[in-house]
Colleague: 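Okay, here's the structure, questions in a sec.
A quick note: this is a predicted structure, and the numbers were derived from the prediction, not measured. Letters A, B, ... mirror the listed sequences (proteins, then strands); counts begin at 1.
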Amino acid sequence: MPIRLYNTLTQKVEDFVPADGKTVRMYVCGPTVYNFAHIGNLRTFTFQDILRRWLRARQLDTLHVMNITDVDDKIIRSAVQRQISIGDYTRPFEDAFLEDMATLRFQRPEKLVRATEHIDEMVTLIQALTEKGMTYESDGSIYYRIAKFPEYGKLSHNDFSGMIAGARVDVDEYEKENARDFVLWKQKKDGEPSWDTPIGDGRPGWHIECSAMAMRYLGETLDIHAGGIDLTFPHHENEIAQSEAVTGKPFARFWIHAEHLIVEGQKMSKSLGNYYTLRDVIEMGYQAEAVRYLLASVPYRNKLNFTFDGLKAATTSIGRLRNFELRLKTDKFAAGTNEDAEKRSADSLARFEEAMDDDLNTASALGIVFEYIRETNTAMDSGAFLAGNTPAALQFLSRFDEVFDVLKPSAAESGLSDSEIDALAAERNAAKKARNFARADAIRAELLEMGIVLEDTKEGTRWKRKA
RNA sequence: GGCGCGGUAGCCAAGUGGUAAGGCCAGGGUCUGCAAAACCCUCAUUCGUCGGUUCGAUUCCGACCCGCGCCUCCA
């Protein structure tokens, strides 16, 4: 059974198989590096990471291209204000974005591409559009004439046929033939960065970079083009217009859009004071894994309500997952293999994969994992889980973590090494045996102070670093 | 107005024409020198409202109410 994904173009969940059956060529709209990424941006990128990981888990190769928009109006405005080059302005934000990606454990796309390094490709594409009669010049800038592209609106399912050229012209945009026409190439303005090219001295419009770079690295028809839902219109619609007018071929087979994130039930905005970057949240003391878990746990096509209660719940949930893993690795089980337990592992794995195949239903997949954990814990307690069952259980857990990636704790906070902790734990046990509870409790308290929790189990004492 | 999404327990959330997954919280219990931690159990006769179809609807149809996104830059 292939992976099924919702395609915005057809408004249906469809079987997904890459065109060549093997390698998924996907392009994702990356960040505009004029600021730190906020958690809303990160929700979309988390979805992209989950998608990428699941495709790979399903034995597909990925050729995954992410763009970095390093030239746009906001960047230019800010750079001009600070009297530095746009490159000097964007680099720190690009670096910060890459750090955030690493913090949230995103796998690196095969290619990260910058807009400013692909001006030639954009110019070539604009020239091709001009040859096809798709463009016109006005005030030194070049515009795309949507009246010449009858399919305009097919992605966002809008009907623009009533808006024929010249029928309605916005007063503020007098230079355009049609209010929906968009700029491909902006004429140079004094004091702003520009590129002197065969189509004039100027800079690219926003949409052209994605068409140019996607086709440069992935060919004329991509398997998947993904991004935030707000990009559906006009950005992706315009990309289709630019690309398909030249190639005559579908630009992307699947268009996949992630819903937005809201914060405590409200739209995130600076004025509401609920605008957070990853750094903000980490500084408040939350773990990156909890952020990743929360962002991944709600299926990507649903709005995600980001709350601090939710972040706490995510932290606790991760703890439960890790406890299960710890138990699996440290408990001593009797020899043998229990058939029911084996069946449970196999069935749960199959159900987990089916949930992920079903348009990345992460909520359902997590439900299956937790149900499995509860049942397996019960089996462990009753002796119905044996040493021979461990490999299959670990295999299921690793399948889960292959895509969710939350089990491994971030770098340990405690200054104590594992062996030092082991030694203290042993000393406490000795004290306990000697019924010197004062000493035993003192060691316990001391360790707790440093974030080490001791667990006394039937098997003896084990410890873990507190979440 | 056009296009699109959603309303399931205190919170997050899955789901199906046959009678409600899972997580968090809360309550109870097991274990323990006491604890902690861990684990187990309990926790929606009900799925926005009103009609309809059906032997049967949360799930299908219709109407309505409420919330939200896009239509200008935006993940």
Colleague: Are any of A/N361's side-chain N or O atoms less than 4.0 Å away from OP1 or OP2 of B/G15?
Modeller: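 A/N361 to B/G15 OP1/OP2: side-chain N or O found under 4.0 Å.
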Colleague: Spell out protein contact along nucleotides 68-75 of chain B as letters: B when the base is contacted, S when just the sugar-phosphate is, - when no protein heavy atom is under 4.0 Å; keep the 5' to 3' order.
Modeller: BSSSSSSB
Colleague: Centroid-to-centroid, A/H118 to A/Y217, below 6.0 Å?
Modeller: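 Yes, ring centres under 6.0 Å apart.
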Colleague: How far does the P atom of B/U16 sit from the matching atom of B/A20, given to the nearest Å?
Modeller: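 To the nearest whole Å, 15 Å.
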Colleague: Taking atom P in both B/A26 and B/C64, compute the distance separating them and give it to the nearest angstrom.
Modeller: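 It comes out at 43 Å once rounded to the nearest Å.
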Colleague: Return the value, rounded to whole Å, for the distance between atom CE of A/M380 and atom C1' of B/C31.
Modeller: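 In whole Å, B/C31 C1' lies 17 Å from A/M380 CE.
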Colleague: Give me the ring orientation class for A/F385 and A/F333: parallel if the planes are under 30° apart, tilted from 30 to 60°, perpendicular past 60°.
Modeller: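 Perpendicular.
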Colleague: The side chain of A/R444 lies closest to which of these nucleotides: B/A38, B/C24, B/A35?
Modeller: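 Closest of the options to the side chain of A/R444: B/A35.
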Colleague: Using the C1' atom in both, what is the distance from B/A36 to B/C74, to the nearest Å?
Modeller: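 It works out to 48 Å between them.
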Colleague: Across all strands shown, which nucleotide pairs with B/C50 by Watson-Crick or G-U wobble geometry, both distances under 3.5 Å?
Modeller: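 Partner of B/C50: B/G62.
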Colleague: Examine the side chains of A/S194 and A/R203 and answer whether a donor and an acceptor come within less than 3.5 Å of each other.
Modeller: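 No, A/R203 and A/S194 have no side-chain donor paired with an acceptor closer than 3.5 Å.
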Colleague: Where each residue is assigned the nucleotide of RNA chain B containing its nearest heavy atom, which of A/F370 and A/R301 is assigned the position nearer the 5′ end?
Modeller: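 In this pair, the answer is A/R301.
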Colleague: Look through every strand shown and name the nucleotide pairing with B/C34 as Watson-Crick or G-U wobble, where both distances are under 3.5 Å.
Modeller: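 No nucleotide pairs with B/C34.
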Colleague: In whole Å, what separates the P atom of B/A44 from that of B/C11?
Modeller: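 To the nearest whole Å, 15 Å.
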Colleague: Report the base-pairing partner of B/C68 (Watson-Crick or G-U wobble, both distances below 3.5 angstrom), or none.
Modeller: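 Across all strands, the one nucleotide that pairs with B/C68 is B/G4.
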Colleague: Rounded to whole Å, how long is the line connecting atom OH of A/Y152 with atom P of B/G2?
Modeller: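 My rounded result for the distance is 20 Å.
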Colleague: With nearest nucleotides of RNA chain B determined for A/T457 and A/R351 from heavy-atom distances, which residue corresponds to the more 5′ nucleotide?
Modeller: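 Comparing both residues, the 5'-ward one is A/R351.
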Colleague: Would the A/F160 and A/F233 ring centres measure less than 6.0 Å apart?
Modeller: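 Here the rings of A/F233 and A/F160 have centres that are less than 6.0 Å from each other.
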Colleague: Between A/W255 and A/H225, how do the two ring planes meet: parallel, tilted or perpendicular, split at 30° and 60°?
Modeller: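 It falls in the parallel class, under 30°.
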Colleague: Can you measure A/I318 atom CD1 to B/A38 atom P for me and round it to whole angstrom units?
Modeller: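 Result: 14 Å.
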Colleague: Under 4.0 Å between a side-chain N/O of A/R320 and OP1 or OP2 of B/C40, yes or no?
Modeller: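 A/R320 to B/C40 OP1/OP2: side-chain N or O found under 4.0 Å.
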Colleague: Taking the inter-plane angle between the rings of A/F404 and A/F400 on a 0 to 90° scale, is it parallel (under 30°), tilted (30 to 60°) or perpendicular (over 60°)?
Modeller: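 Rings of A/F404 and A/F400: parallel, under 30°.
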Colleague: Does the ring centre of A/H236 sit less than 6.0 Å away from the ring centre of A/H257?
Modeller: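 Yes, ring centres under 6.0 Å apart.
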Colleague: Please name the residue in the list A/F106, A/Y300, A/F97 that meets the ring-ring contact (aromatic ring centres under 6.0 Å, His included) test with A/F45.
Modeller: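 Per the ring-ring contact (aromatic ring centres under 6.0 Å, His included) rule, the option paired with A/F45 is A/F97, out of A/F106, A/Y300, A/F97.
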Colleague: Phosphate oxygens OP1/OP2 of B/A37: is one of them under 4.0 Å from a side-chain N or O of A/R462?
Modeller: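 No, no such contact exists.
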Colleague: Paired with B/A9 by Watson-Crick or G-U wobble geometry, both distances under 3.5 Å: which nucleotide is it?
Modeller: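 The base-pairing partner of B/A9, which may sit in any strand shown, does not exist here.
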Colleague: Whole Å only: how far is the CG atom of A/L304 from the C1' atom of B/C5?
Modeller: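 Rounded to whole Å, this separation is 14 Å.
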Colleague: Starting from C1' on B/G4, measure out to CG on A/L155 and report it in whole angstrom.
Modeller: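 Those two atoms, CG and C1', are 12 Å apart.
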Colleague: Under a 3.5 Å cut-off for both distances, is B/G18 Watson-Crick or wobble paired, and to whom?
Modeller: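 Across all strands, the one nucleotide that pairs with B/G18 is B/C55.
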Colleague: Report the nucleotide, chosen from B/A38, B/G33, B/A14, that has the shortest atom-to-atom distance to any side-chain atom of A/S364.
Modeller: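 Of all the options, the side chain of A/S364 is nearest to B/A14.
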Colleague: Provide, to the nearest angstrom, the distance between the OH atom belonging to A/Y372 and the C1' atom belonging to B/G23.
Modeller: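 Value for this atom pair: 18 Å.
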Colleague: To the nearest angstrom, how far is A/R327 atom CZ from B/A37 atom P?
Modeller: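 After rounding, the reported distance stands at 17 Å.
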Colleague: The side chain of A/D456 lies closest to which of these nucleotides: B/A37, B/A36, B/G33?
Modeller: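 It is B/A36.
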Colleague: Please classify the nucleic acid contact of A/T232 as base, sugar-phosphate, or nothing, using heavy-atom distances under 4.0 Å.
Modeller: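 No contact.
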Colleague: When rounded to the nearest Å, what value does the distance between C1' atoms of B/A21 and B/G33 take?
Modeller: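 Result for the C1' pair: 41 Å, nearest Å.
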Colleague: Looking at every strand, decide which applies to A/K312 at a 4.0 Å heavy-atom threshold: base, sugar-phosphate, or nothing.
Modeller: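 No contact.
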Colleague: Aromatic contact between A/F93 and A/F36, with the criterion being ring centroids under 6.0 Å apart: yes or no?
Modeller: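 Distance test on ring centres: under 6.0 Å, yes.
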Colleague: With a 4.5 Å heavy-atom cut-off, do A/L360 and A/L5 have their side chains touching?
Modeller: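 Yes, at least one pair of side-chain atoms sits under 4.5 Å.
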Colleague: Quantified in whole Å, what is the P atom distance between nucleotide B/G28 and nucleotide B/C43?
Modeller: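 Each nucleotide's P atom is 16 Å from the other's.
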Colleague: Can you tell me the Watson-Crick or wobble partner of B/U42, both distances under 3.5 angstrom?
Modeller: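 For B/U42, the partner nucleotide comes out as B/A26, under the 3.5 Å rule.
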Colleague: Write down the distance between CG (A/N323) and C1' (B/C24), rounded to a whole number of angstrom.
Modeller: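 Atom-to-atom, A/N323 to B/C24, this comes out as 15 Å.
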Colleague: Pick the P atom in B/U49 and in B/A57, then give their distance to the nearest Å.
Modeller: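 Per the computed distance, 15 Å lies between those P atoms.
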Colleague: With rounding to the closest Å, how many angstrom separate the C1' atoms on B/G69 and B/G23?
Modeller: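 Taking atom C1' in both B/G69 and B/G23, they lie 27 Å apart.
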